[in-house]
Amino acid sequence: MTQSEKGPGAAEAPQDENQIIAERRAKLARLRESGQAFPNDFRRTHVAADLQATYADKSKEQLEGEKPGPFAIAGRMLLKRVMGKASFATLQDMSGRIQVYVNNDVTGLEAHEAFKHWDLGDIVAAEGTLFRTKTGELTLQATKVRLLSKSLRPLPEKWHGLTDMEQRYRQRYVDLIVNPESRRVFEIRSRLVQSMREFFVARGYLEVETPMLHPIPGGAAAKPFKTHHNALDMQLYLRIAPELYLKRLTVGGFEKVFEVNRNFRNEGISTRHNPEFTMLEFYEAYQDYNYLMDLTEELLRECARKVLGTTTLPYQGATIDLAPKFDRLTMAEAIAKYNPAHSAADLAKPDYLRAALARHPDTKVFPSDGLGLLQLKLFEATTEDKLVQPTFIVAHPTDVSPLARANDANPAVTDRFELFITGREMANGFSELNDPEDQAARFADQARAKEAGDEEAMYFDADYVRALEYGLPPTAGEGIGIDRLAMVFTDSPSIRDVILFPQLKSADE
């Protein structure tokens, strides 16, 4: 028997991949000669999962009496067993798998002989009626079989699958064929995005699309990618955030807007960072950041129930509980809660914070750093990764929040929060700064920081200030990282596991 007859994982002497490819190319050449290569006149009527569900309760005897069909199915052949006058094959389509029975009597000797020479990975069509085997497996008795697409490369051995993570990311198409868990991850991700859309549409939000090529990058503190438009002879930047355009729309009267958007940031790659990523960003007029925190809790619970059927999510050995009200802490409160050596009173003293940060040499501290910025740096160094359960960190320093409204009681901080789950930032939201003169002054501060060498500082966006001068109503806005949230929903340790085609180094490197 050949490998294709036995199926992946069968015990046999290994065969050189180049030799396998050469043999398959020879088979394809014969198909071309006979005019049978890559036909496109077959039309599928049913998928595997529908047949499995519809006839799940039918016994072997009932199916023998009814002979339901005819059905036309198609999929990739993952298993083949040849037994003389009869053969079995397992086909996998977009919905799942189903077994096909091919024999001399019903399918025909000529068709069965051709089938014996097909390989694992080939795209195969079959027409026929359903029955159950002696072991109770629902099976299609094929009256016709056809080879629709010839696979020239062998699939990975079933015994160990495609286990090399680098290869799985580079050859996602193979990963999806042989690893059901990978398909499950991306199906969950798709349902998650859809449920988020449904959540906002049901609440009267308008889904919009804003530019991905920006003359001035803005909406976040990040280093952008640059490109050039030949016809206009101008430098453009790939979007780092849609925020400033969405708020322009709020100025224009779209008072509830959201966008599922692709963003690009010229930053490092890690288990939680990819230079190209997806966010949900939304804005609502006449609301504030406290409303957003309530809405975010409601959103995550509803999505979890719709997508997973529960608000209790396993994640890398921990259990994330979305049901209780999320903690809401200032940075100082969070540091004191998770690092008892630091008291609340001490965390209000800049000298104490500088001494504490001296024990973290990777954190840069500058003489100009004020109380809020020092607390932020200590929080990032000591506490952020401990926020496993959903936690809102509120009252971010004004000097690192150039688009957020300053708090009325304490202008040194803003009405802003970040949501952390599994030690990662999942969302960033705030009451929007709608004072055009204040915004212009903050942009000027950012521009000076950029001139001083801060590559992530924002540019001065005069048109956005002009938009604010027409009047932005009191507004609350938020961005949620869909990739990181998908990691939690699918129990995935790396952001690459939830991005179909993550950015990787060149294979040559």
Side-chain angles (χ1 to χ4, degrees), residues 169-170 172-173 193 207-252 254 257-270 272-283 400-403 428 432-433 436 439-470 472 477 479-484 495-496 498-509:
Y169 299 146
R170 290 189 187 279
R172 183 68 82 186
Y173 39 89
V193 174
E207 182 172 9
V208 297
E209 295 174 297
T210 61
M212 296 176 71
L213 291 174
H214 292 186
I216 299 175
K223 185 178 179 181
F225 288 96
K226 299 178 183 178
T227 188
H228 186 81
H229 191 287
N230 292 335
L232 296 176
D233 190 24
M234 65 183 294
Q235 180 171 272
L236 293 170
Y237 302 86
L238 295 185
R239 174 170 62 194
I240 59 175
E243 176 170 344
L244 301 187
Y245 283 93
L246 290 171
K247 286 192 284 192
R248 285 175 170 96
L249 295 179
T250 310
V251 169
F254 287 149
V257 293
F258 78 96
E259 182 175 9
V260 177
N261 55 90
R262 298 290 283 179
N263 294 324
F264 307 85
R265 298 182 184 177
N266 203 346
E267 58 189 14
I269 296 175
S270 72
R272 64 181 70 183
H273 293 96
N274 193 68
E276 178 181 3
F277 61 98
T278 307
M279 287 186 67
L280 166 75
E281 199 148 322
F282 56 96
Y283 292 83
V400 294
S401 309
L403 299 170
N428 179 27
E432 301 297 334
L433 175 59
Q439 184 65 81
R442 296 211 211 169
F443 274 159
D445 290 341
Q446 289 285 303
R448 283 190 288 271
K450 182 170 287 293
E451 289 176 2
D454 185 350
E455 293 183 326
E456 294 188 351
M458 293 184 187
Y459 291 75
F460 192 106
D461 190 334
D463 181 73
Y464 177 67
V465 174
R466 183 186 299 113
L468 292 185
E469 289 173 347
Y470 281 94
L472 173 67
I480 298 177
I482 288 178
D483 306 298
R484 291 184 183 177
I495 197 169
R496 295 182 182 184
V498 298
I499 295 176
L500 280 167
F501 300 101
Q503 190 66 44
L504 302 168
K505 286 184 178 181
S506 168
D508 295 338
E509 296 181 43

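Count residues from 1 along the sequence. All figures in this text were calculated on a predicted structure; none of them were measured in a lab.
Between the side chain of Lys450 and the backbone N or O of Ala457, at least one donor-acceptor pair lies under 3.5 Å. A donor-acceptor pair is defined here as one N or O able to donate and one able to accept, closer than 3.5 Å; such a pair exists between the side chain of Gln439 and the backbone of Pro402. Remark: the backbone N or O of Phe501 is not paired with any side-chain donor or acceptor of Arg172 at under 3.5 angstrom. Arg272 places no side-chain N or O within donor-acceptor distance of the main-chain N or O of Arg484, the cut-off being under 3.5 Å. Within the 3.5 Å criterion, the main-chain N or O of Met279 finds a donor-acceptor partner in the side chain of Asn261.
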Trace of the side-chain contact (heavy atoms from CB on, under 4.5 Å) decision for Asn263 with Ile240: CA-CA 5 Å; Asn263 294 324; Ile240 59 175; 5.8 Å; no

Evaluation steps, salt bridge (Lys or Arg N to Asp or Glu O under 4.0 Å), between Asp445 and Arg448: CA-CA 5 Å; Asp445 290 341; Arg448 283 190 288 271; 2.3 Å; yes

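The shortest heavy-atom contact between Asp463 and Arg466 is OD1-NH1, 2.8 Å. Closest approach of Arg496 to Pro502, counting heavy atoms only: CG-CB, 3.8 Å. When every heavy atom of Tyr464 is checked against every heavy atom of Asp461, the shortest pair comes out as N-OD1, 3.1 Å. When all heavy atoms of Asn274 and Glu267 are compared, the pair lying nearest together is O-OE2, 4.2 Å. Closest heavy-atom contact between Pro436 and Val465: O-CG1, 3.9 Å. Residues Phe225 and Pro275 come closest through the heavy atom pair CZ-CB, 3.9 Å.
With values rounded to the nearest 0.5 angstrom, Leu244 atom CG is found 9.5 Å from Ile216 atom CD1. Distance check, rounded to the nearest 0.5 Å: OH of Tyr245 to OG1 of Thr210 gives 8.0 Å. Here the CE-CG distance, from Met458 to Leu403, works out to 4.0 Å after rounding to the nearest 0.5 Å. Ile269 CD1 to Ile495 CD1: the interatomic distance, rounded to the nearest 0.5 Å, is 10.5 Å. A distance of 13.5 Å separates CZ in Phe282 from CD in Glu207, rounded to the nearest 0.5 Å. Taking CG from Asp233 and NE2 from His228, the interatomic distance works out to 4.0 Å, rounded to the nearest 0.5 Å.
Annotation: Tyr169, atom OH; neighbour count of heavy atoms from other residues, nucleotides and ligands within 6.0 Å is above 12. Crowding of Glu209 atom CD: a count of heavy atoms from other residues, nucleotides or ligands under 6.0 Å not exceeding 12.
Applying the salt bridge (Lys or Arg N to Asp or Glu O under 4.0 Å) rule to pairs touching residues 235-245 yields Arg239-Glu259, Glu243-Lys247, sequence neighbours excluded.
Residues that satisfy the side chain to side chain donor-acceptor pair (under 3.5 Å) test with Gln446, not counting sequence neighbours, are absent from this structure.
Each of Arg262, Arg265, Gln503 was scored for a side-chain hydrogen bond (donor to acceptor under 3.5 Å, both in side chains) with Glu276, with one residue passing: Arg262.
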